[in-house]
A.B. asks: 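Quick one: the structure is below, questions incoming.
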Amino acid sequence: MILHVHSQLGEAVRAAARAAFAAELATVSFQYPPRAELGDLALTAPFDLAKTLRRKPREIAERLAAELSRAPGVRKAEVAGGGYVNVFLDRAPFARGVYDWVADPAPAARVPGQVIVEHTSINPNKAAHVGHLRNAILGDTFVSILRHRGRDVGVQNYIDDTGVQVADVVVGFRHVAGKSYDEVAELAGGARFDYYCWDLYAQVGEFYAADPARKKLQAETLHAIEEGGNETARLAELVAARIVECHLATMERLGIRYDLLAHERDILRLHFWDRAFELLEKAQAIRRETEGKNAGCWVLTMESEGADEDKIIVRSNGTVTYTGKDIAYQLWKMGHLDRDFRYRRQKRYDDGHVLWTTTSGEGEDGAPRFGHAREVYNVIDVGQSYPQRVVKAGVAALGHEEAAEGSHHLAYEKVVLSPATARAMGYAVSEEETAVKVSGRKGLGVKADDLVDALVTKARAEIDVREDAREGERRAADERGRAAREISMGALRYFLLKFGRTKIITFDMEEALAFTGETGPYIQNGVVRARNIRAKLEDEGHRVPDLVARARALDLGAWLAGEEGDEVWSLFMLMARSDEAAEQALRAEEVALLAKHAFAVAQAFHSYYQKPRYSVLHAETEELRALRTLVVDAFVRHMEVLTRVLGIPIPERM
RNA sequence: GCGCCCGUAGCUCAGCAGGAUAGAGCAGCGGUUUCCUAAACCGCAGGUCGCCCGUUCGAGUCGGGCCGGGCGCACCA
């Protein structure tokens, strides 16, 4: 909504600059005055023009202000400070526009070209932990914003089913737990297999540490898995497949779904790397070293990477590194590898959406076209920045400049544990430590399902307290359970989104369980209240659509000019800026911007509706009731969209 | 050594195309419920934006240098 105003007024400013000063402005950006009394939008173009025109900013501002005052939708424009132009919008038509926009949000213009987002990509060898949740929630929400803003997005979850981590658990089953394939199969069919593997994986760490010679088992196992067609590979396959199902179930609790599971095994079996190697060799993007420390290796030159400029892609024993495989995968994503996976249906979600999986065996018909993206976002922790740069460099070295340009690493920092939370989990933490690193090897970390369980339990307890205090009918257990799950989901998603992605999150259980203040439940609460007001109106014989229609026909201008109007106006301005917030989130690749914006909108509504003098049901006049209903209805409708984009469900009651 | 990230209120963090008096949550203190549900609202208090230099009409924001903390620079993934 506001972006439309920006471009319209921007045109007016450009025209004015042309007419008055024969100056050509490239882009006109608008800011917002620090206080509402100063105006609705602020223009800083006079400062820029002052430089090129060698005239006083104020002088330029005067001229632009005069022109802008005549622009449609503008009530007045005045010069402030050293050369700002503050624009006051005509409130009534703008407010009607905002209402129409939120009541019937036109989908954003379709942006051509496919976008692939890879996220989650957890090693399929143990339960997901809170760090993985950060990845998945970040990725899922980014996808949602992309789609909201008109992008065609495919979501891929990379399954490293032939890596060392899976190999370690296989070693665990064989040599630590001493289980046969059938015994593992039985375990895998039971509950909490991912938890079992979590503990087993930690034991394998100790097993290796006790006798370094045992590391040989890891190498042998990994080799057998890569080779395929043997008992070890079958066991690895079983473990990985079952753990992936656990991860999918965990993520589904948070509303996170995928379009494709891309398996590393299939990248190997279908010889993606061999093809990528041919391409890289032919383009002389990689070269074989004949002397020096990298003798016998194929390396990719990394410019400006410091002392160690070359990255080894193929080891001297002829095997390819992970980074090499990743280059092949990235090339496939971008449609620059003339190979493709075969596909099978993995599962069908409740809403009918099909999750596909890659396969190197027999494929099924009907798969959509995966992997011809214009833009690729890889959601991977910041520790992978260097290999991600290598992947990008590899794509670029093949001459695919645009593809390299379109390769984004959505890097995020890790999640560490607060001393209190680590202690609660039974770890000794010294006084000086301010944070404790999670460690899969040591089995130290907060499991995703445990965290969700704790949230649901806490939310349920809160609900029970409130329900028991109620007069009249109380909710049944299953309704309370559903609300508890929805509130937990909102709390967790917001909690992991509100930090910038370059910030290390020190995870504290107490803090994560908070339902007051800047949290998901705060946002949910506002919408629930607003919906409740609408419901009460209907109960008392009013019809919300009629009231809204009536309000639209009233003199909005007079009302919006008053004291109540100021509060309503700032709420409407904030709602109008949601499209801008979403675009900013995409441009800055920072999902937190939209999450924070949603909180700000909720906050503005809370502060308004809470005041008894602005009561809708007990409004002094029918006119005021109609006007306030329009506000409440606009808020609900808008927040339904915003929260859906953020993946925050709205419970029926808190 | 080189590269990246972080340093803003007691604590956790916003402030990411430089812009007006630096914001929010938590914690603290004081208020608000015969009023659409208090997971709420209102108020008070709390800041040399790590330090120095520079660019600019203007720097928390950009550049350089320093200090402190974290991560990366594997023939691991």
Side-chain angles (χ1 to χ4, degrees), chain A residues 27 29 31 33-35 38 42 44 47 50-51 56-57 80-84 86 123 160 163-165 264 293-299 302 304-309 311-319 321-323 325-326 381-387 389 411 413-414 416 418 434-435 437 459 462-463 466 469-470 487 491 498-500 502-506 508 511 514-522 524-526 528-530 532-537 539-540 584 587-590 592-593 596 599-600 603 606-619 628 632 653-654:
Chain A
T27 50
S29 70
Q31 265 126 34
R35 291 187 314 283
L38 291 175
T44 54
F47 295 109
K51 212 163 294 174
K56 290 197 166 65
Y84 293 96
N86 286 338
N123 274 305
D160 185 4
V164 263
Q165 294 224 22
E264 185 178 77
K293 65 182 168 81
N294 293 339
C297 300
W298 287 85
V299 302
M302 289 296 290
S304 74
E305 288 298 335
D308 256 313
E309 286 185 359
K311 173 70 190 165
I312 290 164
I313 304 297
V314 180
R315 304 183 188 99
S316 55
N317 68 5
T319 56
T321 62
Y322 172 84
T323 308
K325 283 180 262 187
D326 224 19
D381 77 274
V382 70
Q384 305 273 350
S385 292
Y386 176 64
R389 280 201 303 274
E413 266 291 358
K414 57 185 167 295
V416 299
S418 73
T434 54
K437 277 190 234 177
E462 298 264 349
I463 290 169
R466 284 168 173 73
R470 279 175 74 85
I487 290 167
K498 72 174 180 176
F499 303 95
T502 56
K503 218 82 169 190
I504 295 171
I505 296 179
T506 303
D508 184 79
E511 201 187 336
F515 295 151
T516 61
E518 196 200 329
T519 63
Y522 177 95
Q524 294 171 320
N525 185 43
V528 169
R529 295 282 174 276
N532 194 237
I533 293 171
R534 288 199 315 197
K536 278 267 164 78
L537 281 167
D539 284 351
E540 298 198 357
Q584 262 169 352
R587 191 189 55 221
E589 299 177 5
E590 186 56 273
L593 293 175
K596 293 249 175 202
F599 177 75
Q603 212 173 20
H606 264 116
S607 145
Y608 169 71
Y609 100 93
Q610 153 77 24
K611 299 185 175 91
R613 64 178 183 279
Y614 299 146
S615 172
V616 184
L617 287 167
H618 308 111
R628 288 170 188 162
V632 170
R653 213 190 273 168
M654 287 303 284

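No experiment lies behind these values; they were computed from the predicted model shown. Proteins get letters first, then strands, A, B, ... in listed order; numbering begins at 1 in each. Heavy atoms only: backbone and side chains are in, while hydrogens, waters and symmetry mates are out.
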A.B. asks: Would you call A/T506 and A/T434 a side-chain contact if the rule is heavy atoms closer than 4.5 Å?
C.D. replies: no
A.B. asks: Let me know the distance between CD of A/Q165 and P of B/A77, rounded to the nearest Å.
C.D. replies: 12 Å
A.B. asks: Taking all non-hydrogen atoms of both residues into account, name the closest pair between A/G517 and A/Y522 and its distance.
C.D. replies: O-CB, 3.2 Å
A.B. asks: If you look at every strand shown and take non-hydrogen atoms under 4.0 Å, does A/G500 touch a base, only sugar-phosphate, or nothing?
C.D. replies: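 Counting heavy atoms under 4.0 Å across all strands, the contact made by A/G500 is with sugar-phosphate only.
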A.B. asks: Pick base, sugar-phosphate or nothing for A/D539, based on heavy-atom distances below 4.0 Å to the nucleic acid.
C.D. replies: nothing
A.B. asks: What does A/A469 touch in the nucleic acid at a heavy-atom separation under 4.0 angstrom: a base, only the sugar-phosphate, or nothing?
C.D. replies: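 Nothing: the residue A/A469, judged by heavy atoms under 4.0 Å, touches no strand.
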A.B. asks: Let's test your reading of the pairing rules: Watson-Crick or G-U wobble, both distances under 3.5 Å, then write RNA chain B as a dot-bracket string with ( ), [ ], | and dots.
C.D. replies: (((((((..((((.....[...)))).(((((.......))))).....(((((..]....))))))))))))....
A.B. asks: Identify whether any heavy atom of A/D160 sits under 4.0 Å from a base atom; if not, whether one sits that close to sugar-phosphate; answer base, sugar-phosphate or nothing.
C.D. replies: sugar-phosphate
A.B. asks: Regarding A/R534, tell me which of base, sugar-phosphate or nothing describes its non-hydrogen contacts under 4.0 Å with the strands shown.
C.D. replies: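 Counting heavy atoms under 4.0 Å across all strands, no contact is made by A/R534.
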A.B. asks: Looking only at non-hydrogen atoms, find the nearest pair between A/C297 and A/S316 and report the distance.
C.D. replies: SG-N, 3.6 Å
A.B. asks: A side-chain contact here means heavy atoms from C-beta on lying under 4.5 Å apart; do A/Q524 and A/F515 qualify?
C.D. replies: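 They are not in side-chain contact.
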A.B. asks: Kindly indicate, with the supporting measurements, whether the criterion salt bridge (charged side-chain N to carboxylate O under 4.0 Å, His left out) is fulfilled by A/E540 and A/K536.
C.D. replies: CA-CA 6 Å; A/E540 298 198 357; A/K536 278 267 164 78; over 6 Å; no
A.B. asks: Classify the side chain of A/Q384 and the base of B/A77 as holding, or not holding, a donor-acceptor pair under 3.5 Å.
C.D. replies: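 Check passes, donor-acceptor contact within cut-off.
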A.B. asks: Any non-hydrogen side-chain atom of A/R628 less than 4.5 Å from a side-chain atom of A/Y609?
C.D. replies: no
A.B. asks: Say you pick atom P in B/A9 and the same atom in B/G46; how far apart are they, in whole Å?
C.D. replies: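 Approximately 14 Å lies between the P atom of B/A9 and that of B/G46.
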A.B. asks: Taking the P atom of each, how far is B/C62 from B/C5, in whole Å?
C.D. replies: 10 Å
A.B. asks: Is any side-chain N or O of A/R35 closer than 4.0 Å to OP1 or OP2 of B/A20?
C.D. replies: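 For B/A20, OP1/OP2 do not have a side-chain N/O of A/R35 under 4.0 Å.
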A.B. asks: Side chains of A/T502 and A/V382: does their closest heavy-atom pair fall under 4.5 Å?
C.D. replies: no
A.B. asks: Protein within reach of the bases, or only the backbone? For nucleotides 56-62 of chain B, mark each nucleotide 5' to 3' as B, S or -, using heavy atoms under 4.0 Å.
C.D. replies: -B-----
A.B. asks: For A/A42, which contact category applies under a 4.0 Å heavy-atom criterion: base, sugar-phosphate, or nothing?
C.D. replies: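 Result for A/A42 = base.
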A.B. asks: Between A/T502 and B/C6, does any side-chain N or O lie under 4.0 Å from OP1 or OP2?
C.D. replies: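 Yes.
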A.B. asks: Atom CD of A/E462 and atom OG1 of A/T516: how far apart are they, to the nearest 0.5 Å?
C.D. replies: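 That separation rounds to 8.5 Å.
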A.B. asks: So for atom NZ, which belongs to A/K611, do other residues, nucleotides or ligands contribute more than 12 heavy atoms lying within a distance under 6.0 Å?
C.D. replies: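 Above 12, so yes.
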A.B. asks: I'd like to compare against my own output: the B/S/- annotation of nucleotides 36-46 of chain B with a strict under-4.0 Å heavy-atom distance to protein.
C.D. replies: BB-BBSS----
A.B. asks: Distance check: side-chain N/O of A/K437 vs OP1/OP2 of B/C71, anything under 4.0 Å?
C.D. replies: yes
A.B. asks: So A/E589, base contact, sugar-phosphate only, or nothing? Heavy-atom distance under 4.0 Å.
C.D. replies: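 If one applies the 4.0 Å heavy-atom cut-off, A/E589 turns out to touch nothing in the nucleic acid.
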A.B. asks: Is there a side-chain contact between A/D381 and A/K414 in this structure, where contact means two heavy atoms from C-beta onward sitting under 4.5 Å apart?
C.D. replies: no
